[in-house]
Amino acid sequence: MFCVPNSPGDNAKNMKIILLLLSFAILPALAQSKPTADLIVTNAKIWTVDHKQPTAEAVAVMGDRILAVGSRADINALRGPNTNVIDANGKLLLPGFNDAHVHFVDGGMQLDAVQLNDATSAEEFARRIAEQVKKTPKGAWVLGGDWDETKWTAAKLPTKELIDPFTVDVPVLVSRYDGHMSLANSVALRMAGITAQTPDPPGGVIVRDAQGNPTGALKDAAIELMDKVVPPPSHDQRLKAARRALAYAASLGVTSVQHMNPDYADIAVYSELLRRGELTTRIYAAPLITEGVDDQVKIGITHAFGSSYLRIGAVKAYADGSLGSRTAYFFEPYSDQPENRGLLGAEMQPLALMRDRMLKADAAGIQVCTHAIGDQAISMVLDLYRNVVRTNRGAEHRFRIEHAQHMAEKDFDRFAQLDVIASVQPYHAIDDGRWAEARIGRDRASRTYAFRTFLNHGVHLAFGTDWDVAPLNPMLTVYAAVTRATLDGKNPNGWFPEQKLSVAEAVEAYTMGSAYAEFQEKEKGSITPRKLADMVILSDDIFSIEPARIRDVKVLRTFVGGKIVWDVEHNHSLQ
Ligand SMILES: [Zn+2]
């Protein structure tokens with residue numbers, strides 16, 4: 001290595017030179033072999049979600065990974081001349097939140113669309129649509145909305161008559177917040193050719209008045225009758241929506257999302273943003289099984305294929321509808337509609353077809369995530385999963401049931417035995433909890449959003465929001481899981497309080513639980529050396545404040561891969 005003159009009799013001099021070189025070259029090199037951090041966050045109250053070392057004061061980051069976690073003194077030893085040191089002022093630092101169920105591009109679009117969710121009457125609903133019509137360019141549709149008629153003083157399904165008078169030349173298709181119902185105006189119905197003569201499609205209902213004429217309300221598969229006339233969003237519209245969603249997620253401390261049923265065009269947009277280095281939230285995308293399974297099998301990819309920022313290799317299936325639209329599929333009729341047990345999803349008919357799709361996906365190593373809400377739909381999906389497990393032995397399936405809302409008593413054990421992940425959205429519990437009992441009765445409601453019972457049975461929980469069906473803000477989800485206080489204020493001590501979780505359990509489900517649900521528990525989900533440095537600093541310590549205050553807690557800073565993507569002091573997202 002050293003180029004040292006080697007003339008005879010010069011050994012002593014050579015030795016001196018070697019020593020000199022050693023002291024200049026090797027000793028500093030030895031000193032440098034102790035790594036220095038690019039970033040240190042110190043003076044923090046760290047909850048690591050790593051059972052081996054649950055708490056710490058400081059964390060060091062090198063590149064995009066966590067280098068070390070420990071006391072202030074331990075971590076300070078990793079400080080170098082170029083280390084960016086952030087004093088957290090004693091605030092709580094957690095792993096970044098991983099939302100296991102979102103509709104991310106839709107969410108981004110909804111941020112700019114008509115806001116109907118908090119309308120408190122049919123008149124307000126109509127007035128807001130009228131406002132949007134004024135802003136809508138000629139030929140364009142009024143879409144989105146997220147209305148919820150249960151928040152209206154007279155909780156009645158909206159009809160086209162509410163909006164027809166001021167939408168004579170504007171097509172309108174506004175969706176219910178749960179995505180299982182939409183309201184079309186007369187222009188839109190005409191464009192889609194929906195009349196009194198149009199039969200209900202399998203898995204869907206065209207709501208009709210006493211004379212049999214469509215009222216404009218379309219349930220589940222009937223909404224798809226509009227697909228041929230509603231123009232799909234353009235690439236630029238998707239790009240804009242994705243950027244809006246990324247900035248919004250960063251501001252809320254959401255460092256990973258799992259996008260359920262994206263269009264392929266959404267994934268193309270993510271791919272473009274990845275190339276441009278603009279992804280500030282990590283994305284796992286699960287397109288519809290009816291569209292995605294053959295393509296993904298053909299390419300030969302398996303679950304969690306891709307890079308740390310963008311992964312595919314999962315598919316999303318639908319087994320039924322929603323409780324709010326009375327299309328969730330139950331063993332017994334709805335308590336307030338004795339002739340209605342809900343709707344089995346169109347893709348479950350015939351069942352053998354769904355079984356074939358799931359078998360094909362699982363055999364190829366693609367993860368299957370199935371939406372199931374009613375107890376019978378959940379039971380049927382568990383039957384399907386058991387069938388697939390018996391056929392495809394040996395593989396690690398990590399099947400998921402999305403929502404897993406209303407459980408039959410017998411199915412908690414089966415959930416655990418099949419190691420099916422319950423991918424749940426606690427905010428729905430405090431939202432639907434306002435009226436769920438009237439629809440399904442006390443007994444079934446006692447096994448609804450049964451997070452504690454899942455944990456008691458050893459079921460893996462993953463937390464999410466279903467944004468834009470519910471708010472993306474993780475603090476609302478933690479608040480919901482911990483308090484179960486319904487939005488109407490009628491259950492301040494919790495709706496079925498025995499199902500409440502602790503803050504630690506809620507945080508774990510939202511970090512490690514969601515990471516496990518996407519095969520990434522070795523990469524993220526806790527503040528652990530070598531994991532990705534995805535972290536949030538909160539304004540308040542959610543472990544010690546009154547649970548009722550958790551919903552007001554703000555995110556001060558968000559780090560993704562060691563980079564600050566949100567800083568409340570700048571009040572905008574940073575790239
Ligand atoms: Zn969803």
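Remember, it's 1-based here, ligands and their atoms both numbered in the order they're listed.
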Can a salt bridge be assigned to the pair Asp118 and Arg128 using a cut-off of 4.0 Å between side-chain N and carboxylate O?
-> yes

Taking 2.8 Å as the cut-off, does an N/O/S atom of Asp466 lie below it from the Zn ion (ligand 1)?
-> yes

Which value, rounded to 10°, describes the NE2(His103)-the Zn ion (ligand 1)-NE2(His101) angle?
-> 100°

Shortest non-hydrogen contact from Lys500 to Val482?
-> CD-O, 3.2 Å

Would you say His371 has an N, O or S atom lying under 2.8 Å from the Zn ion (ligand 1)?
-> no

Which word best sums up how the rings of His403 and His101 line up, parallel for under 30°, tilted for 30 to 60°, or perpendicular for over 60°?
-> tilted

Using the six-membered ring wherever Trp is involved, compare the ring planes of Trp147 and Phe125 and label them parallel, tilted or perpendicular (cut-offs 30° and 60°).
-> perpendicular

